[in-house]
Amino acid sequence: VRGGQVWTACGTRSEVAPLRTVLLSWPGRELAAVTDPEASLFLDRVTVPRIQEETLAIADYFRSRGVTVRVFSPPSTPPPNLIFMRDTFFATEEGAIIGRMGAQQRAGEERFASQALAGVGVPVLATLRADATFEGADALWIDPQTVLVGVGRRTNDAGYRQVKAILHTIGARTVRVPMPGGVQHLLGLVNFVDEHLAVISERLAPRRLREILAAHGFRSIALPANREFTNGRAMNFVTISPMHVVMPAGNPETRARLQCEGITCDEICVDEYLKAAGGLGCLTGIVHRDAIGSAVREAPQR
């Protein structure tokens, strides 16, 4: 039973349909315990009170846009990278696919993600097993019937095969995207802003990905590998609705480029999350979007 009677309203078949529910992980003492940032996959030590302030501001922003925000407070000390909830699961209309983290430092996050989703009434469609690895930021809906899955550092071939089989049971097909060396997630190569408009990395997006986008009728906005892209994680945004995104603050060139394309760009500070080597898209677990086609377009801001 859906619609909140047994399970909460959840799921999606789109990366751009109006956003309705997100899941955030509350940053706590696990971050204060990180004394060797590199060993935890961080770039620098995180100041806990500041990142908590950022989390509250992010939650307030989403609520101001009519998005329900679920904040998970782990019952015990989690691995520090649990703050990047997007990586731990992938949402479908039938429930969430729980990932299996590809980095040793992130092992165990799957258990917390399962607790978080169950706690807000989201059914678990499947979990990966055996030697499979899969992270949610490696899977993106390109249309309501098709999911792109990046295979590389964090999602392996066994993970791809299992995700493909799971998605087949709900009538979705998968397209394998080989990831170039050094790229962590598919979300670092492409992000979607409209049903036929994508933002891609000018330098890193492989030919295969560009061919797939073109075959599905997409036009692409290519962002250069400048400071904003690499340090500011300007492409690590969240699409609120078609042609409307919220992006990390401090990236004026990227914001201007997107606005010239008619995209409404809101900004929010995620500086402490950047120290932990992730951005706004990484920290936001996507739980529910409207059905594609139900969006009311906003007037572009230029």
Side-chain angles (χ1 to χ4, degrees), residues 7-10 19-37 39-91 96 98-101 103 105-124 135-137 185 187 233 236-238 240 246-249 266-289:
W7 302 112
T8 192
C10 61
L19 186 61
R20 295 304 177 206
T21 307
V22 299
L23 178 62
L24 308 178
S25 181
W26 182 249
R29 59 184 179 272
E30 71 279 1
L31 298 177
V34 175
T35 57
D36 182 353
S40 294
L41 307 178
F42 287 10
L43 300 175
D44 200 354
R45 295 188 67 174
V46 172
T47 303
V48 176
R50 290 178 185 169
I51 197 171
Q52 290 176 341
E53 290 175 0
E54 290 180 1
T55 307
L56 292 173
I58 292 163
D60 286 344
Y61 167 80
F62 281 127
R63 293 186 184 108
S64 76
R65 304 307 311 180
V67 179
T68 298
V69 180
R70 307 294 191 186
V71 180
F72 175 60
S73 295
S76 57
T77 304
N81 283 281
L82 186 67
I83 57 173
F84 298 121
M85 188 59 78
R86 175 70 173 265
D87 301 337
T88 63
F89 70 94
F90 178 65
I98 303 296
R100 195 168 190 200
M101 311 313 288
Q105 295 93 328
R106 303 195 66 174
E109 292 181 32
E110 304 89 343
R111 175 168 60 91
F112 288 97
S114 297
Q115 290 176 317
L117 291 164
V120 298
V122 176
V124 172
E135 298 190 4
H185 292 124
L187 192 61
R233 298 187 184 263
N236 199 254
F237 56 75
V238 175
I240 302 298
V246 57
M247 60 184 291
D266 299 332
E267 291 183 318
I268 194 160
C269 179
V270 291
D271 288 352
E272 293 299 316
Y273 283 95
L274 296 180
K275 291 181 182 178
L280 190 60
C282 297
L283 68 92
T284 305
I286 306 298
V287 173
H288 185 211
R289 289 186 183 273

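Just so it is clear, the structure is predicted and the values come from calculations on it, not from any experiment.
- Residue pairs satisfying the salt bridge (charged side-chain N to carboxylate O under 4.0 Å, His left out) criterion with at least one member in residues 271-289, sequence neighbours excluded, are listed as follows: E272-K275.
- With sequence neighbours left out, E267 forms a salt bridge (charged side-chain N to carboxylate O under 4.0 Å, His left out) with R255.
- Atom CD1 in I51 sits 8.0 Å away from atom CD1 in I58 (nearest 0.5 Å).
- The two residues V270 and P248 have their closest heavy-atom pair at CG2-CB, 3.7 Å.
- Annotation for V34 and S40: closest pair CG1-OG, 3.7 Å, computed over non-hydrogen atoms.
- Side-chain contact check for F89 versus V287: some heavy-atom pair is nearer than 4.5 Å.
- Across all their heavy atoms, A32 and V48 have their closest contact at N-CG2, 3.6 Å.
- Looking at V71 and V69, their side chains come closer than 4.5 Å, going by heavy atoms from C-beta outward.
- Here NE2 of H288 is found 14.5 Å from CG of L23. Values are rounded to the nearest 0.5 Å.
- Applying the side chain to side chain contact (heavy atoms under 4.5 Å, CB included) test between V246 and each of T284, L280, L19, V67 identifies L280 as the sole match.
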(message) Run the side-chain hydrogen bond (donor to acceptor under 3.5 Å, both in side chains) test on R70 and T21 for me, step by step, so that the C-alpha distance in whole Å, both residues' side-chain angles and the decisive distance to 0.1 Å come before the verdict.
(response) CA-CA 7 Å; R70 307 294 191 186; T21 307; 5.9 Å; no
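- With hydrogens and angles disregarded, a donor-acceptor distance shorter than 3.5 Å links the side chain of E30 to the backbone of G28.
- Residue pairs meeting the salt bridge (charged side-chain N to carboxylate O under 4.0 Å, His left out) criterion with at least one partner in residues 109-124, sequence neighbours excluded, are R106-E109.
- No side-chain N or O of R20 forms a donor-acceptor pair with one of T68 less than 3.5 Å apart.
- Closest non-hydrogen pair, F72 versus A116, comes out as CG-CB, 3.4 Å.
- The heavy-atom pair separating L274 from L43 by the smallest distance is O-CD1, 3.5 Å.
- Closest of all the heavy-atom pairs between G108 and F112 is O-CD1, 3.4 Å.
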(request) With side-chain contact (heavy atoms from CB on, under 4.5 Å) as the test, would you mind laying out the steps for N81 and F42 before giving the verdict? (result) CA-CA 9 Å; N81 283 281; F42 287 10; 3.3 Å; yes
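- The shortest distance between side-chain heavy atoms of F90 and E135 does not fall below 4.5 Å.
- For R63, the CZ atom sits in a packed shell: over 12 heavy atoms of surrounding residues, nucleotides or ligands are nearer than 6.0 Å.
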(request) Show your reasoning for whether side-chain contact (heavy atoms from CB on, under 4.5 Å) applies to M85 and L283. (result) CA-CA 5 Å; M85 188 59 78; L283 68 92; over 6 Å; no
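- Side-chain contact between W26 and L56 is present, with at least one heavy-atom pair separated by less than 4.5 Å.
- Panel note: side chain Q52, backbone P27; a donor-acceptor pair is recorded below 3.5 Å.
- A donor-acceptor contact shorter than 3.5 Å links the side chain of N236 to the backbone of C282.
- Rounded to the nearest 0.5 Å, atoms CG (L82) and CG (L24) are 11.0 Å apart.
- Side-chain contact between V46 and Y273: absent, with no pair of heavy atoms (C-beta onward) separated by less than 4.5 Å.
- Side-chain atoms of L187 and D87, non-hydrogen and from C-beta on, never get closer than 4.5 Å to each other.
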